Amino acid sequence: MSVRTACLGGAAALVLTAAACSSSSSPSGSSSPSSSAQGSSTGSPLNTNAPVKSGGSITVLESSGYSGSWTTLDPAQNKEGAATQDFMTAIYGQLFELGTGGAIVPDLATSYKFSPDAKDVTITLRQGVKFTDGTPFNAQAVYVNWERDLGTVGISNGLNPNWLIAKLPPPAGSAPGTPTPPAPGAIQVTGPYTIVVHQIAPNGAFVDQLFDSIPNWIASPTALTSEGTTFGQKPVGAGPFMVVSNVPNNELVVKKNPDYWQTGRPYLDEITFKTVGSDEAAYEALLANQGQVYENMSTSALITQSEQHLQVENNLGTSPYDLQLNTAVPPFNNPKARQAIYAATNFAPILQHVFGGRYPIAESFTGPGGICYEQKVPGYQQYDPTLAKQLIAQTGLDKVTIELGTIALQTAQESMDALRTEWESLGLKVHIQSWNLQGLIAAFEANKGKSWQSMVQTAGAYDPAGGIGVGFRFSSLSPFSGVHDPALDKLLNQAQGSTSLNTRCGFYNQAAAYIAKNYYGPFFFTLAPSNVAVHGVSGPGISTPLSSVAVVPTIPWEDVYYNPSS
């Protein structure tokens with residue numbers, strides 16, 4: 001078995017201490033879905049006896065509307081966040097990874113431990129690791145990164161994972177230089193390879209919140225200092241690969257880190273991440289072997305075609321499509337107007353015609369590939385065109401033009417256009433617009449979040465408390481939320497606060513019912529785009545199932561290899 005032995009998550013593992021994974025299982029703030037909920041591989045049969053091959057290179061294709069749109073690879077400055085996961089994990093590695101079936105896989109960290117009240121979390125780091133500039137990877141390096149991530153340099157506008165860390169001043173009257181107990185919110189180095197986060201509230205989801213997030217990607221403090229503002233163009237991490245060249249929004253080339261901590265990894269010598277314009281362009285490139293991997297394919301007809309010629313990995317979804325409504329501005333500051341949208345929206349034909357009926361209908365922010373899945377929510381307003389017409393007339397929605405937006409991906413745009421057709425058939429006027437990822441972020445932030453009305457997005461993660469989980473779209477603290485409701489905030493904080501899975505899921509069920517009761521945003525279905533690759537490329541999430549942190553799995557590129565003869 002590989003050194004990267006998976007630490008299994010589960011309700012029974014929600015305990016307050018953790019041993020290193022090499023000797024026993026580590027606890028998780030989450031629970032694994034059932035073993036049947038692992039997704040599937042389709043396409044021509046694979047040669048499962050093909051040997052692992054070291055060496056070679058591959059090209060990974062990235063969509064220009066999402067993952068192929070990036071500005072910087074500096075974690076603290078990275079507003080694209082999870083969209084850039086391929087680049088970030090290749091360069092920086094991760095402290096912990098989310099593995100198959102919800103397993104917690106130690107990478108640059110080896111274990112974690114909660115305090116009895118789940119406020120404090122102690123992380124133990126792997127010893128002997130170095131950044132690719134030769135400097136030590138240790139607790140002090142993690143401390144520098146986390147202080148920077150959560151401070152004035154980092155993203156302090158809600159893109160951080162919700163650790164509930166609040167920087168508090170020392171107690172009044174403390175003499176300068178006098179040691180004091182760590183204040184809630186402090187990050188404390190307690191040894192060369194141990195670091196403790198003191199939170200202001202219980203948080204049983206802490207480790208799950210690390211997955212695919214800014215604080216999971218640790219940069220070399222020495223390189224941060226020496227490179228200054230250029231660090232984001234040629235970053236230095238301790239991951240399996242190091243940067244050769246970087247042309248934002250176009251191409252990133254990385255080569256094998258010869259001093260990577262795990263002997264024999266990575267398998268590949270080089271990866272080229274290259275932006276393509278569409279699913280169709282990616283499909284054609286794979287057929288011509290101009291690329292070997294394409295993630296996040298959502299065009300149903302192309303997935304079907306790919307199954308005839310390529311290998312296709314289908315993973316169960318964790319992130320439902322959500323129609324976000326901005327409750328801070330007209331017309332959706334009126335609950336009846338929001339109810340009208342619920343009643344006017346029929347997602348079944350969109351699911352069938354745009355997505356080939358591939359995904360299950362959703363009524364909340366959870367999916368079958370994650371924890372706390374609840375497909376049917378009590379009190380959820382169903383499609384009702386008669387009621388919709390009544391509410392449209394009562395609220396005057398037919399007297400205004402509704403602004404509807406989404407990301408510039410083909411299936412998202414088709415879904416948005418289908419919504420416009422449905423709504424206009426009931427007397428609404430709709431103006432639609434789409435942006436690439438950077439433009440979409442700007443649209444959310446414009447005029448302090450008061451310039452948008454409705455957006456077709458995704459809302460959810462393997463753990464709903466994850467960085468782009470339910471709070472990303474529904475918490476008062478997030479700049480990408482249209483909801484600012486203290487009662488909902490309280491439910492979400494209570495849900496992430498416990499180390500008991502049953503308790504957590506109970507609060508999430510209450511939150512889903514509360515969202516439905518207040519018509520804060522209807523859900524479509526649990527999106528689960530497919531990963532497509534040429535034969536011979538193998539690895540978790542590409543040729544075998546892998547749990548999705550959010551929308552798609554986070555590929556551990558150190559475990560990917562290419563054997564064209566297989």
Side-chain angles (χ1 to χ4, degrees), residues 320-357 359-365 374-407 411-434 443 449-459 473-474 481-485 488 511-527:
Y321 256 120
D322 166 49
L323 177 60
Q324 282 190 271
L325 302 176
N326 193 343
T327 65
V329 297
F332 299 124
N333 57 349
N334 182 345
K336 289 295 184 182
R338 301 196 297 267
Q339 185 182 6
I341 292 298
Y342 271 74
T345 303
N346 184 5
F347 295 127
I350 298 174
L351 173 60
Q352 186 59 45
H353 296 299
V354 178
F355 296 91
Y359 312 120
I361 290 288
E363 294 182 355
S364 82
F365 45 80
E374 182 188 32
Q375 185 173 20
K376 295 292 185 180
V377 175
Y380 189 91
Q381 174 65 63
Q382 303 294 329
Y383 173 61
D384 187 338
T386 301
L387 175 62
K389 289 180 180 178
Q390 294 172 357
L391 292 171
I392 288 169
Q394 290 175 16
T395 59
L397 276 181
D398 52 348
K399 304 292 195 301
V400 300
T401 297
I402 297 174
E403 298 291 335
L404 178 62
T406 195
I407 195 167
T411 48
Q413 291 169 317
E414 290 176 355
S415 299
M416 177 178 65
D417 198 48
L419 279 180
R420 177 177 63 173
T421 300
E422 287 187 357
W423 292 355
E424 288 182 343
S425 71
L426 295 173
L428 296 173
K429 301 180 185 68
V430 185
H431 174 258
I432 61 175
Q433 189 171 0
S434 61
K450 294 183 179 180
S451 295
W452 66 277
Q453 293 181 351
S454 58
M455 294 279 195
V456 176
Q457 296 295 312
T458 59
R473 303 299 183 190
F474 290 92
S481 169
V483 179
H484 307 277
D485 186 332
L488 180 57
Y514 188 86
I515 290 171
K517 177 182 176 181
N518 289 278
Y519 314 108
Y520 280 151
F523 295 90
F524 295 37
F525 39 83
T526 307
L527 181 67

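Just so it is clear, the structure is predicted and the values come from calculations on it, not from any experiment. The first residue of the sequence shown is numbered 1, and numbering continues consecutively from there. Hydrogens, waters and symmetry mates play no part in the numbers below; they use all other heavy atoms, side chains included.
In terms of heavy-atom proximity, Phe332 sits nearest to Ile341 at CE2-CG1, 3.4 Å. Between Gln324 and Gly482, the closest heavy-atom pair is NE2-N, 4.0 Å. The shortest heavy-atom contact between Leu325 and Pro522 is CD1-CD, 4.3 Å. Closest of all the heavy-atom pairs between Ile407 and Ala412 is O-CB, 3.8 Å. Tyr383 and Ala343 get closest at one heavy-atom pair: CD1-O, 3.2 Å. Nearest heavy atom pair, residue Gln453 against residue Pro330, reads NE2-O, 3.7 Å.
How far CG of Asp322 is from OH of Tyr520: 13.5 Å, rounded to the nearest 0.5 Å. Asn346 CG to Asp384 CG: the interatomic distance, rounded to the nearest 0.5 Å, is 11.0 Å. Separating the CG atom in Leu323 from the CZ atom in Phe347 is a distance of 5.5 Å, to the nearest 0.5 Å. The structure places NZ of Lys389 at 7.5 Å from OG of Ser425, a figure rounded to the nearest 0.5 Å. The distance from atom CE of Met416 to atom OG of Ser454, rounded to the nearest 0.5 Å, is 9.5 Å. Distance CG/Leu397 to CG/Leu426: 11.0 Å, rounded to 0.5 Å.
A donor-acceptor contact shorter than 3.5 Å links the side chain of Arg338 to the backbone of Tyr519. The closest donor-acceptor contact from the side chain of Asn326 to the backbone of Gly449 lies under 3.5 Å. One N or O on the side chain of Asn518 and one on the backbone of Tyr514 form a donor-acceptor pair closer than 3.5 Å. Here the side chain of Thr406 pairs no donor or acceptor atom with the backbone of Ser434 at under 3.5 angstrom. A donor-acceptor pair under 3.5 Å links the side-chain atoms of Lys429 to the main chain of Asp398, judged by distance alone. Remark: the backbone N or O of Gln381 is not paired with any side-chain donor or acceptor of Gln339 at under 3.5 angstrom.
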- Which is it for Val377 and Phe523 under the side chain to side chain contact (heavy atoms under 4.5 Å, CB included) test, yes or no, and what are the steps along the way? CA-CA 11 Å; Val377 175; Phe523 295 90; over 6 Å; no
- For the pair Asp417 and Arg420, evaluate side chain to side chain contact (heavy atoms under 4.5 Å, CB included) and give the outcome as yes or no after the intermediate values. CA-CA 5 Å; Asp417 198 48; Arg420 177 177 63 173; 2.6 Å; yes
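With ring centers used as reference points, Tyr342 lies under 6.0 Å from Tyr380. Between Phe355 and Phe525, the ring center distance clears the sub-6.0 Å criterion.
Looking at heavy atoms from C-beta onward, Leu351 lies out of side-chain contact with Phe524 at the 4.5 angstrom threshold. No side-chain heavy atom of Val430 sits less than 4.5 Å from a side-chain heavy atom of Thr401. The shortest distance between side-chain heavy atoms of Phe365 and Arg473 does not fall below 4.5 Å. Side-chain contact between Glu422 and Leu419 is present, with heavy atoms from C-beta onward closer than 4.5 Å. At least one side-chain heavy atom of Trp423 sits less than 4.5 Å from a side-chain heavy atom of Leu404. Gln382 is listed as a side-chain neighbour of Glu363, based on a closest heavy-atom distance under 4.5 Å. Between Gln390 and Thr386 there is a side-chain heavy-atom pair separated by less than 4.5 Å.
Ser364 and Glu374 form no side-chain donor-acceptor contact under 3.5 Å, judged by distance and modelled atom types alone.
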